[in-house]
Structures are given as C-alpha cells and as structure tokens.
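First up is the structure itself, then whatever we jot down about it.
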Amino acid sequence: APAMYALLKTSNWRDFHIAQEYLDKYYMQKGKHQVGEMATGGSSITRKIREMQAFFGLQATGNLDYNTISVMKRPRCGVPDMAN
Amino acid sequence: YRLFPGEPKWKKNTLTYRVSKYTSSLSHAEVDKAVEMGLKAWSNAAPLNFVRANTGEADIMISFETGDHGDSYPFDGPRGTLAHAFAPGEGLGGDTHFDNAEKWTMGTNGFNLFTVAAHEFGHALGLGHSTDPSALMYPTYKYQSPFGFHLPKDDIKGIQKLYGPRKSGAEGPKVPQNPPTNPSGPSNPDHCDATSSFDAVTMLGKELLFFRDRFFWRRQAQLTTNVWPNTITGSFPQLMGNVDAAYEVAERGVAYFFKGPHYWVTRGFQMQGSPRTISDFGFSRKVQHIDAAVHLNDEKKTLFFVGDEYYSYDEAKMRMEKDYPKGVDEEFTGIKGKIDAAVEVNGFIYFFSGPKAYKYDREKEDVVNIVKASSWIGC
C-alpha cells in the first residue's frame, strides 16, 4: 500500500491503471495468481516497474515517472518482455 | 538479443507459412508481399527456407484478428498491442496474429506491416525481445523500410545462435566491404554516399539498374543484397558515363538510354545500332537533353521529365501526346526539387530527386513513402 501511494505522487490514476495493465501484460508470469500479486500489490508493482525500467534502459527507480509511462504508451508487440 | 526459456527452435530448416485471414486495410497482394519480405529478412541471415501454403495447417499460421481471438492474449483495439507471435512448436507454436483494429500500411501512414511482420517472425523462429534499441526485436514499434532493409547485428547474432549462419556457397548475398577493383583505375564511388542521387534508373528484364557518374548498380527487383558498383563502360561501352535517363519497354524487350541530345536502344545489354537524336520522340529543338524518363506499363506511355516540365509519349502510336509539356507539380505533388530519375515498380512510380526517393501512388495521387535514394542499392 505505501508503495502505491508513492507511485501516485508521481502520476495520476489513469497512468497508474495504464501501468498496471502494461505490467500485467508484459511483465507478469501468466497463470500466476494475480490476486496473490495484488495482495502484495505495492512492492510487487514497484518491482515490476523496476524490471521494465531496467529492460528499457531507464533509471530503475520503481517510480512511475514521465519517461516510464511514456514508454508504456508506445505501440508495441504483444509478446511479454519477461518471456514465459 | 534474448531467446525464449528452453530455447525452443524449429527442428527443420524449411518451414511452411499461410495467411489464413487477411485485413481490410491492405490488399491480399500487399499482405502477401509484406509477409514474404518479413520472412526473407530472416532467411537472408540464417539457413531457413519458407514455403507458402494456400490450404491446410502450416507451421506458421498468419492471421489478422480482433479483440479476444481465443489464444488468451486478446488484442486491445487501435495502438497499444499491434501483434504477437508464439515461439516455435506444434499447434499454436509459430503462429502470428496481427491486430486487425490497427491501420496497416505498406508505407508510413499507419503501422508498416513489413516492420511488424519481420519482428513477429523473429518470435515465431524463437527470438524473445531484445533490450538493444537498434534491434528489430526491440518491443516498441519503429518504422523500417523494406527497401534496403538489413537485419541489425543483434538480431543476426540471435537467429544464428539458434540456426547457425547461412552455409557457404548458399551464402546469403552480401554487399562486399570493398567493391571489386575497378579496372579503369580511379576509386569506386562511395557506395553508400547518402548525399547523392542517381542520374538514371530503369528496369532491365528482372533487374533494376541505377546509374551514377561512370558507374551503375544492378539488383534483383525484390532484393537489395548482392549489390555493388559496375563501370558503365564495362557493360555499355558507347555510353561511357553520366547517363541522363533510361527506361525499358518490357513488352517489346527494348530499353532506351539517353545522354544529351542522343539516345541508344538496347536489347538487354546488347546495343542495337548507333545513337540517334531525341528529336525522334518529337522534342522541339530547344530540348537538348532530358532529366528522367519512366515507362508506364499499363498505359503504354512514357513520361519524359525536362526541368520542371514533363511530356507524355505514346509508345503504341510512337508519338508525343498533345497538350504537353505540363508542369511537373501540376500532376506530381509532394516531390521536392528537380527529378533526376524515375522508374515504375509494382504499379508505383519512384521518383529520385537529390538524395531522396519518393514513392508515388497514382491512385492516391500522392507520395506515400520517402526513403534515402541510396537505400535502393542496399545502404
């Protein structure tokens, strides 16, 4: 929970949902219990953001900063980056 | 580059593919062409062959789908996710799906199908996403022109990790680092000089010929590999160099080469007789040279470009059409600068002006793509 509020400091709800959906699609092992992931939403989503930032060579802060959300909005391939 | 966990790959080198569902935003022929070139991007770098199937199950089933299409990876409408493909394997393995909600294009006004298809086929062959922003397998969309496309190094390393390099002998055509020594001595042109244009461009049989100064490049119409400069004197002794324009009337198996007030007729590379004067075409005496010429196969007309005007010559009646010359910009909007060369390929007119090549769609009456002129010779 704290991490989620930290995230929100740097973005708005809409970006948060875009990020959540993006990370679900491209950085989540399919078949894992999402609910499990959601229970530890804050730390897990921060970790996933860091993973995505590392993949795209961004500063791995775990925060949903402008650069990170703009990469998430780019048209892309549907295959997950964390291959499963 | 990255491979999928377990490094799945095809156990055979010849794979079948089939487009089972097309999109409404491109013709079947355009989709087929983009798919063929997307696959060729990989078979140029690895010992892979792709055979098209028209019915039944193929290794790589290709389709345009909308929303939830039954593979637990639903599409999301325009933009966002453009396409996906599955790693090598039975059944769904290798299959490639494109989001039909996208605006697919052969040019740049939408998502270029060749660009996305070439990426997705990397997955279908066993590559995951690369973290190298210059790689084709980078996750986000970045337009690539099919003309002159070369697989980036990172992708070559990845595909050759799975399937090895092309065997010697069947060597995927390569552009030699140093063009063959030129018997006439002086140094060869800078093969990839991105600042200069071409003097003339023409089809000749199944090949495309590009003329610049005392050299010309020849390449298969659909291939940009295996291209290096030849001396004009080596193949067209009488032309020497600095050809102004050229065109071919494939139907009659003849080609015309223009230089100053003269022109030569050839059959293939064989000169037919001595040079004649361009007044044969009906040019007035004030026209002492032409800049470019392009033959329109369907209309059986040849367009001649002289400065900022152009003429239309009726090949069937063997005479210049009335009401010409007209202003180039009256008809061909979007072309910047004088036209140096022109050629018709697959129904499109390609204009070369300075370092740029403009793809002109006569139905849309507009330029639909602009690339570096040198990309046509593999740069």
Side-chain angles (χ1 to χ4, degrees), chain A residues 7 11-38 44-84, chain B residues 1-8 65 67 69 71-87 94-99 101-104 110-112 115-143:
Chain A
L7 279 179
S11 61
N12 56 50
W13 268 113
R14 182 170 174 280
D15 286 349
F16 181 75
H17 284 302
I18 288 172
Q20 180 91 59
E21 196 176 325
Y22 187 94
L23 297 167
D24 278 353
K25 260 188 199 175
Y26 306 118
Y27 285 82
M28 207 68 82
Q29 292 289 340
K30 272 277 182 220
K32 278 224 166 167
H33 294 296
Q34 304 299 330
V35 94
E37 294 290 355
M38 201 55 107
S44 152
I45 193 165
T46 306
R47 181 164 44 81
K48 289 295 170 194
I49 288 178
R50 269 203 203 95
E51 244 177 85
M52 176 263 177
Q53 288 168 330
F55 188 98
F56 283 95
L58 301 167
Q59 221 181 333
T61 60
N63 288 331
L64 204 46
D65 53 45
Y66 171 77
N67 288 339
T68 302
I69 198 69
S70 61
V71 169
M72 289 179 170
K73 291 176 178 175
R74 279 189 217 158
R76 58 160 290 156
C77 170
V79 172
D81 297 334
M82 287 304 131
N84 57 348
Chain B
Y1 67 88
R2 290 187 177 182
L3 307 179
F4 286 114
E7 301 191 7
E65 308 287 355
H69 51 285
D71 64 8
S72 84
Y73 288 88
F75 283 136
D76 54 3
R79 298 182 65 82
T81 301
L82 304 178
H84 56 225
F86 293 83
D95 290 1
T96 302
H97 302 156
F98 297 91
D99 187 348
E102 305 300 345
K103 181 182 180 191
W104 295 107
F111 291 111
N112 179 272
T115 302
V116 179
H119 173 103
E120 296 307 331
F121 295 145
H123 292 313
L125 295 170
L127 292 182
H129 279 147
S130 168
T131 55
D132 177 346
S134 68
L136 175 67
M137 294 313 291
Y138 196 64
T140 50
Y141 175 80
K142 186 175 84 178
Y143 169 69

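Per chain, numbering begins at 1; letters A, B, ... match sequence-line order. Predicted model, so just to flag it, every value in this text is computed and none were measured.
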Segment of B:Y138 engaging chain A (4.5 angstrom heavy-atom cut-off): side chain

Among the listed options B:H129, B:H123, B:H84, B:E102, the residue most often paired with chain A at heavy-atom distances under 4.5 Å: B:H129

Contact leader toward chain A among B:K142, B:H97, B:H119, B:R2, where contacts are heavy-atom pairs under 4.5 Å: B:R2

Per-residue contact mode, B:F75 against chain A (heavy atom under 4.5 angstrom): neither

Donor-acceptor contact present, side-chain B:S130 to main-chain B:D132, <3.5 Å: yes

Any B:E120 side-chain heavy atom under 4.5 Å of A:V79 side chain: yes

Options A:G57, A:P75, A:G78, ranked by heavy-atom pairs under 4.5 Å with chain B, top entry: A:P75

B:D76 portion near chain A, given a 4.5 angstrom heavy-atom threshold: side chain

Sidechain N-carboxylate O distance under 4.0 Å for A:D81, A:K25: no

Where B:P139 and A:F56 come nearest, the two heavy atoms and their spacing: CG-CZ, 3.7 Å

Side-chain H-bond candidate by donor/acceptor type, B:T81 with A:Y22, under 3.5 Å: no

